[in-house]
Each structure stands twice: as structure tokens, then as C-alpha cells.
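One structure is given here, and the rest of the page talks about it.
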Amino acid sequence: MAKRIEFAANGGPEVLKYVDFTLRQPADNEVLVANKAIGINYIDTYVRSGLYPTPSLPSGLGTEAAGIVEKVGAGVTHINVGDRVVYAQSPLGAYSDYHCVAADKVAKLPDAISFEQAAASFLKGLTVYYLLHMTYQVKPGETILFHAAAGGVGKIACQWAKALGVKLIGTVGSAEKAAQAKRDGAWATINYQEEDIAKRVSELTNGEKVNVVYDSVGKSTWLASLDCLRPHGLMVSFGNASGPVTGVDLGILNQKGGLYVTRPSLGNYITTKKLLQHAANELFSMIASGAINVDVAPAQQFSLKDAVRAHQALESRVTSGSSLLIP
Ligand SMILES: NC(=O)c1ccc[n+]([C@@H]2O[C@H](COP(=O)([O-])OP(=O)(O)OC[C@H]3O[C@@H](n4cnc5c(N)ncnc54)[C@H](OP(=O)(O)O)[C@@H]3O)[C@@H](O)[C@H]2O)c1
């Protein structure tokens, strides 16, 4: 019998249960993947808690994994049984031994990329790709502010920014995470538990501030982020780790310099098979060349049945970089 993680009610990590489930056949446009490594993403905690409602309950969880194609639907021509693949935009249910995914959402893995590297980097790396290249095109020598720089997305952002010659100022929650972000290529770090973010950004940029802030922390950093922007700067609010930003009076954008705000997601940037392939190639070549390291510490590789513990670790802010579930 196949196993997966399911939850029947929204709540804390303890609602996650390791259960038997009946495998279904892939539809004509789908492939069935035997997962070998599963990506854990902060968004999974929003789905579990109910911040992002599910279509129905009980529900599976997770949208990202890497593995081997076990079956292909009748209409699939570009993926074959036995292919090594990764996906990040599946329906909920990737926390599982097996998962059916639309073939257009799947990328073939180069030999140089392991299942663990792929599952640790695909959703987060595609996110960094669209943030740095599509939401705002960063330029060599430019200084940017990126929050939670030692987290899963943040670790990839530090390395990718460095490779592009961008000076990334990364916020972090501890001295250890500051050291980690520096090792990953952050130009400077700010410990937002102890330091004033806007004051430090102003000091680090000789009063010039930055053209773009990438903020996935949400509620607790929103105002400080706006204060780090130059006139007409862009606030990219792309997550809610501290809670969602709500009730914004648009007048504040005028008061702080005619600012722009966007609230993007992977789903509204990586929209076609062609774009997915292009972004995946960019990411894989960064990893294969050694410019981006996405190896996951053994302490952050959890057995699939230990999803409760994995979510507790992620939400208590003790993790740095990516975490995995291993079926
Ligand atoms: N919109 C998109 O397309 C998209 C795609 C992927 C991810 N995201 C967002 O990007 C963010 C990072 O995702 P991830 O999976 O890589 O997670 P992560 O960064 O590994 O974990 C979240 C981090 O947020 C920081 N944080 C700040 N305040 C927090 C609080 N009150 N509670 C918990 N954590 C807090 C913590 O780092 P410190 O201890 O250093 O503060 C924590 O490690 C999430 O907000 C996620 O939703 C958005």
C-alpha cells in the first residue's frame, strides 16, 4: 500500500497524519512519479494552517518532489517511463510515495543533479529566478534587500545574486544565520531581532537606500521594508512567514516616495512549459557549475512519516537552507 501525508482539519503540525492511500492511474496528460525526495516549503504550512484554503478536506500536502517516472498518460509524448524528473507545481499531495502530475509541470533532471538537490531547489530556485529576472531585473553592482536570507529561498537568492554581481543585503534572525548568509554570498547582513532594518540599510548604502526589496516575512517587516526603498522603488511582497500583510492604506506608498508594490507567486510567472524549461535550465546549470550549492544538512532530511517534526522545525525558525522529506 502507498503512503502519504494527509490532514483532515486545519491546524498546527500535529494535524499531519501518515496514512495509506490508493494510487490512481495518471490521466492522459499526466505522469505518475515515484518520489525519491520531497521538497518542504513554507507555503505548505500556510496550506496546513488554513491561511491558504484547500479545495476540500481531507487533503494531501506539498507540491514539489523529485523521482522516477513510473507510468505515463496516453497523451504524453515528451516524458518516458524511467525518466528522472522534478516538479514544483503539482496539485496538493507531493508529500507521498507516489504522485500524479501534469507532464507539462515536470522537468527532466540532468545526470549531474541528484534527487535531493532537485527537491531542495526546484520550487525555491524557480522562485529566485523569477524574482531576480522577471519581477525586477537586477543589475550587476546594484544593492538589493532580501529578507530571510538564510532560509530555503534566501540561501539560493544569496548565491544567485552573488553570481550575478549583485550586492545582496540579507536579513536574518540570528548570528549563526548571519554567518551562513555571508558564506552563501550575501554582501551584508542585518539581524532583524536586534537591529533597525531601515537604519542599517541607509548606513550600508550611504543614505541611498535600494531600488527593490524582496520581502517574504510579511507582517513584521512590511513597514521597515518600505522605509528601505528609494523614491519610486519596488516592494516585492512574496510571502507571509510572520503573518500576511493586510489592511494597507495606499496613501502610505505616496508618503514614502511614490513606491510600487507587487505580490507575485511562482504560478503567475512560470506559466508555460517553455518558461519552466528555460528557468529549470538556468537553475540546473547554476547548480551543476557549483555557483549554487543546495545540499541539505542530514538534520534537515526527515523521513516522510516525520512530517510533523519537519514542520515544527521549519516554523520554529531553527532550520537554515532547505529541508526534505524522504519517502
Ligand atoms: N510567492 C512565491 O512565489 C513564493 C515561492 C516560494 C516561497 N515563498 C515564500 O518565501 C518564504 C521562504 O520560504 P521557504 O520555504 O524558503 O522558508 P524559509 O525561508 O526556510 O523559512 C521561513 C523563514 O522566515 C523567517 N521568519 C521571519 N519571521 C518569522 C516568523 N514569525 N515565523 C517563522 N519564520 C519567520 C525565518 O528566518 P529567520 O530565523 O532568519 O528570521 C524562517 O527560517 C516564505 O514566506 C514563502 O511563503 C514565496
Side-chain angles (χ1 to χ4, degrees), residues 10-12 40-54 63 123-124 126-132 134-136 138 143-158 161 168-174 177 181 189-202 209-270 311 314-317 319:
N10 294 121
I40 302 176
N41 291 286
Y42 215 87
I43 189 174
D44 305 338
T45 71
Y46 309 146
V47 174
R48 189 210 67 223
S49 72
L51 179 64
Y52 292 179
T54 50
T63 59
L123 193 150
K124 299 171 185 77
L126 295 179
T127 299
V128 172
Y129 174 83
Y130 87 72
L131 290 173
L132 300 187
M134 299 172 80
T135 309
Y136 176 90
V138 295
T143 307
I144 66 173
L145 178 65
F146 205 104
H147 287 295
V153 173
K155 184 181 172 76
I156 295 175
C158 287
L168 181 148
I169 302 173
T171 61
V172 291
S174 69
K177 288 187 176 185
T189 58
I190 299 172
N191 182 341
Y192 46 25
Q193 305 284 20
E194 295 172 353
E195 297 176 282
D196 181 316
I197 300 171
K199 188 163 163 264
R200 283 291 293 139
V201 166
S202 191
K209 305 191 180 181
V210 294
N211 284 324
V212 63
V213 174
Y214 295 102
D215 187 339
S216 65
V217 171
K219 191 176 177 180
S220 68
T221 46
W222 163 255
L223 277 178
S225 292
L226 298 184
D227 284 331
C228 295
L229 285 164
R230 286 179 199 159
H232 310 164
L234 176 64
M235 166 69 169
V236 183
S237 176
F238 73 103
N240 328 280
S242 68
V245 177
T246 55
V248 175
D249 175 354
L250 288 182
I252 199 165
L253 303 178
N254 170 28
Q255 289 157 24
K256 294 190 183 286
L259 304 178
Y260 293 82
V261 178
T262 184
R263 178 60 178 89
S265 73
L266 188 60
N268 50 43
Y269 274 95
I270 305 298
H311 272 218
L314 184 61
E315 288 175 287
S316 61
R317 301 169 77 163
T319 62

Going by the rule side chain to side chain contact (heavy atoms under 4.5 Å, CB included), which residues pair with E195 if we only count those two or more places apart in sequence or in a different chain?
I190, N191, R200
Rounded to the nearest 0.5 Å, what separates atom CD1 in I252 from atom CG in D227?
7.5 Å
Work out which heavy atom in V213 is nearest to a heavy atom in C228; give both atom names and the distance.
CG2-CB, 4.1 Å
Going from OH on Y269 to OG1 on T135, what distance comes out if it is rounded to the nearest 0.5 angstrom?
3.5 Å
Could you give the distance from OG (S202) to CG (D196), rounded to the nearest 0.5 Å?
9.5 Å
Can you list the steps and then say if L229 with K256 is a side chain to side chain contact (heavy atoms under 4.5 Å, CB included)?
CA-CA 8 Å; L229 285 164; K256 294 190 183 286; over 6 Å; no
Would a 4.5 Å heavy-atom cut-off, applied to side chains only, mark L51 and P244 as touching?
yes
Here the pair of heavy atoms bringing Y46 nearest to N240 is OH-N, 2.9 Å
Supply the atom-to-atom distance K177 NZ to T189 OG1, rounded to the nearest 0.5 angstrom.
13.0 Å
Do N268 and Y130 have a side chain donor and acceptor closer than 3.5 Å?
no
Distance from L132 atom CG to F146 atom CZ, nearest 0.5 Å?
6.5 Å
Under 3.5 Å, is there a donor on one side chain and an acceptor on the other for T171 and H147?
yes
Once you round to the nearest 0.5 Å, how far does CG of D215 lie from CG of L145?
8.0 Å
